[in-house]
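Read the structure below first, then the notes.
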Amino acid sequence: MRRLLALLAAALLSAAAPAPQAAEAPLVMTAMHLHDPWIVADAGTRTYYLFTRNEATMTGERRLGTMVYASRDLKHWTRPKLAFVLPDGLWAKAGSWAPEVHRWKGKWYLFTTFHDPAAKLGKNGTRETYRRGTVLAVADRVDGPYKLVRGGEPIVDPKLMTLDGSLYVDPKGKPWLAYAHEWWQTTVGTIEAVPLTDELAAAGPPQFLFRANEAPWAVGQKQPNGDTVFVTDGPELYRSKTGELLMLWSSYGTKGYVEAQARSKSGTLAGPWEQLGTLVERESGHGMLFRTFDGKLMMILHRPFNYALGKLYEMRDDGDRLSVVREAVELDGEAYPTHPCVAGHSSFDGAHPGC
């Protein structure tokens with residue numbers, strides 16, 4: 001009888017969370033468009049939802065928006081569906097970059113960046129700046145459909161060229177939006193933040209956090225007009241097991257796009273911020289952290305920058321910083337892993353072997 005009950009319990013568990021079948025989850029990461037990937041591990045359904053900008057080659061839809069893949073095991077993924085579509089007639093004409101999805105006050109909120117090159121904001125030297133910003137959408141379900149909040153107006157002052165807005169909730173429960181202030185407008189890109197209301201609207205002026213060229217590893221990009229610019233991308237805040245406030249962010253280093261980290265010396269968003277160095281190099285960046293259903297800390301990022309594929313890393317929280325344990329090649333299918341790798345055996349090493 002005891003054995004019968006055990007078998008029955010196992011069958012019920014299997015029915016509640018069936019393993020992905022090829023028909024319902026036929027994709028692996030090497031077949032998925034994944035620029036600026038974002039994963040939500042939904043405990044209620046024990047499903048991983050992976051958000052990225054809509055790609056017509058994957059969904060068959062040419063509209064601007066966000067698509068979402070789903071998986072039970074981080075290896076086998078469903079075909080993507082549209083979670084959000086930008087309505088016609090809005091100010092935005094392009095983008096749909098860097099979607100982030102967060103649970104807040106009983107709803108799911110999507111943050112994603114759009115722009116309009118025709119909406120001029122004035123010049124920065126010879127560069128004509130234009131409207132770019134992160135908008136907010138809301139849904140009852142994690143996989144959507146999402147509807148715009150406040151008519152699709154950017155959360156940050158629309159006179160600022162901003163992108164990659166990321167929700168952070170401080171220890172007092174107060175929401176903030178951390179974001180990159182675009183190098184196109186500032187020459188040296190910055191990371192900034194604005195306080196938010198409970199409705200996730202801006203509640204105060206922007207607060208400067210740090211500049212890209214404060215990182216010793218950051219390399220400026222020479223422009224046709226002769227100036228050198230520094231990029232800031234993809235901030236995400238993380239509270240370590242010892243209470244340290246850490247930030248993932250990206251820029252360019254000696255081997256291309258880079259995933260790096262910084263730490264607040266005060267333990268608050270205000271900083272000051274110290275740069276801790278790189279986590280993953282060689283055209284890798286715009287990462288985010290999540291926990292698997294068995295509690296493992298993971299990071300997903302994209303590599304390379306163009307025609308980007310998703311890369312998964314097992315991470316370690318060292319208290320004062322984050323460390324890469326290994327690249328989970330059994331999940332992302334990478335033939336040339338960055339961690340560990342053998343010098344000279346990676347297609348990314350080129351003339352400069354090494355990891």
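Starting from 1, each residue takes its place in the sequence as its number. Note that the structure is predicted; figures quoted are calculated from it, not measured.
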Going by side chain to side chain contact (heavy atoms under 4.5 Å, CB included), name the residues that satisfy it together with [X], two or more places apart in sequence or in a different chain.
{"X": "Asp332", "answer": "Met29, Lys311, Leu312, Glu327, Val329, Glu334"}
{"X": "Glu274", "answer": "Arg263, Lys265, Leu276"}
{"X": "Thr254", "answer": "Val219"}

Is there a donor-acceptor contact under 3.5 Å linking the side chains of [X] and [Y]?
{"X": "Arg239", "Y": "Tyr168", "value": "yes"}
{"X": "Glu259", "Y": "Ser284", "value": "no"}
{"X": "Asp318", "Y": "Ser323", "value": "yes"}
{"X": "Arg132", "Y": "Thr113", "value": "no"}
{"X": "Thr126", "Y": "Asn225", "value": "yes"}
{"X": "Gln221", "Y": "Tyr252", "value": "no"}

Would the distance check show the side chain of [X] and the main-chain N or O of [Y] forming a donor-acceptor pair, the cut-off being under 3.5 Å?
{"X": "Trp104", "Y": "Pro175", "value": "no"}
{"X": "Ser166", "Y": "Pro235", "value": "yes"}
{"X": "Glu214", "Y": "Arg211", "value": "yes"}
{"X": "Glu100", "Y": "Thr112", "value": "no"}
{"X": "Lys93", "Y": "Leu90", "value": "yes"}
{"X": "Gln261", "Y": "Leu322", "value": "yes"}
{"X": "Ser71", "Y": "Trp77", "value": "no"}

Which pairs would a plain distance check flag for residues 149-164, meaning a side-chain donor or acceptor within less than 3.5 Å of a matching protein atom at least two apart in sequence or in another chain?
unit_1, atom_1, unit_2, atom_2, d
Arg150, NH1, Glu199, O, 3.0
Arg150, NH2, Leu200, O, 2.7
Glu153, OE1, Arg131, NH2, 2.7
Asp157, OD1, Lys159, N, 2.9
Asp157, OD1, Lys159, NZ, 3.2
Asp157, OD2, Lys159, NZ, 3.1
Asp164, OD2, Gly234, N, 2.9

Query raised in the report: Would you say Lys174 and Pro195 make side-chain contact, with heavy atoms under 4.5 Å?
Result: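 SC-SC contact between Lys174 and Pro195 confirmed.
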Query - Heavy-atom side-chain proximity of Asn124 to Trp184 below 4.5 angstrom - result: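 Asn124 vs Trp184: side chains apart.
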Query raised in the report: Are Glu283 and Arg303 close enough, and set up right, to give a salt bridge (charged side-chain N to carboxylate O under 4.0 Å, His left out), and what steps lead you there?
Result: CA-CA 6 Å; Glu283 289 293 351; Arg303 185 169 85 241; over 6 Å; no
Query raised in the report: Taking the six-membered ring for Trp, are the ring centroids of Trp249 and His286 within less than 6.0 Å of each other?
Result: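 Between His286 and Trp249, which both carry aromatic rings, the centre distance is not below 6.0 Å.
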Query raised in the report: Taking the six-membered ring for Trp, are Trp91 and His115 ring centroids under 6.0 Å apart?
Result: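 Not close enough - the centres of the two rings lie 6.0 Å or further apart.
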Requested in this report: Tell me, yes or no, whether the heavy-atom count around Arg79 atom CZ, taken from other residues, nucleotides or ligands under 6.0 Å, exceeds 12.
Outcome: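 No, not enclosed.
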Query raised in the report: Should we count CZ of Arg321 as having more than 12 external heavy atoms under 6.0 Å?
Result: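 Yes, the 6.0 Å shell around CZ holds more than 12 heavy atoms from other groups.
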Report task. Evaluate salt bridge (charged side-chain N to carboxylate O under 4.0 Å, His left out) for Asp227 paired with Lys222, printing each intermediate quantity in order. Result -> CA-CA 6 Å; Asp227 66 349; Lys222 195 78 170 179; over 6 Å; no
Would you be so kind as to tabulate the donor-acceptor pairs closer than 3.5 Å made by side chains of residues 48-58, with sequence neighbours excluded?
unit_1, atom_1, unit_2, atom_2, d
Tyr48, OH, Phe293, N, 3.0
Thr52, OG1, His35, N, 3.4
Thr52, OG1, His35, O, 2.6
Arg53, NE, Glu55, OE2, 2.9
Asn54, OD1, Thr59, OG1, 2.7
Asn54, ND2, Glu61, O, 2.8
Asn54, ND2, Arg63, O, 2.9
Thr57, OG1, His33, NE2, 3.1

Query raised in the report: Between Phe290 and Met299, does a side-chain contact (heavy atoms from CB on, under 4.5 Å) hold up when you go through it step by step?
Result: CA-CA 6 Å; Phe290 68 98; Met299 178 174 69; over 6 Å; no
Report task. Show your working on side chain to side chain donor-acceptor pair (under 3.5 Å) between Arg72 and Thr47 and close with a plain yes or no. Result -> CA-CA 5 Å; Arg72 295 292 182 93; Thr47 301; 3.2 Å; yes
Requested in this report: Would you check, one step at a time, whether the test side-chain contact (heavy atoms from CB on, under 4.5 Å) holds for Phe111 with Val135?
Outcome: CA-CA 6 Å; Phe111 300 75; Val135 304; over 6 Å; no
Please determine if [X] and [Y] form a salt bridge, counting it only when a charged side-chain N lies under 4.0 Å from a carboxylate O.
{"X": "Lys75", "Y": "Glu330", "answer": "no"}
{"X": "Lys255", "Y": "Glu281", "answer": "no"}
{"X": "Asp143", "Y": "Arg141", "answer": "yes"}

**Report entry** salt bridge (charged side-chain N to carboxylate O under 4.0 Å, His left out) between Asp170 and Lys172, worked out
**Finding:** CA-CA 5 Å; Asp170 70 20; Lys172 295 182 179 179; over 6 Å; no
Report task. Could you walk me through whether Met288 and Val40 pass side-chain contact (heavy atoms from CB on, under 4.5 Å), step by step? Result -> CA-CA 10 Å; Met288 63 84 60; Val40 173; over 6 Å; no
Query - Cluster companions of Val85 among Ile, Leu, Val, Met, Phe, Trp, Tyr (side-chain spacing under 4.5 Å) - result: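 ILVMFWY cluster around Val85 also holds Leu82.
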Query - Thr190 vs Leu209, side-chain contact (heavy atoms from CB on, under 4.5 Å): CA-CA, chis, key distance, verdict - result: CA-CA 7 Å; Thr190 63; Leu209 303 186; over 6 Å; no
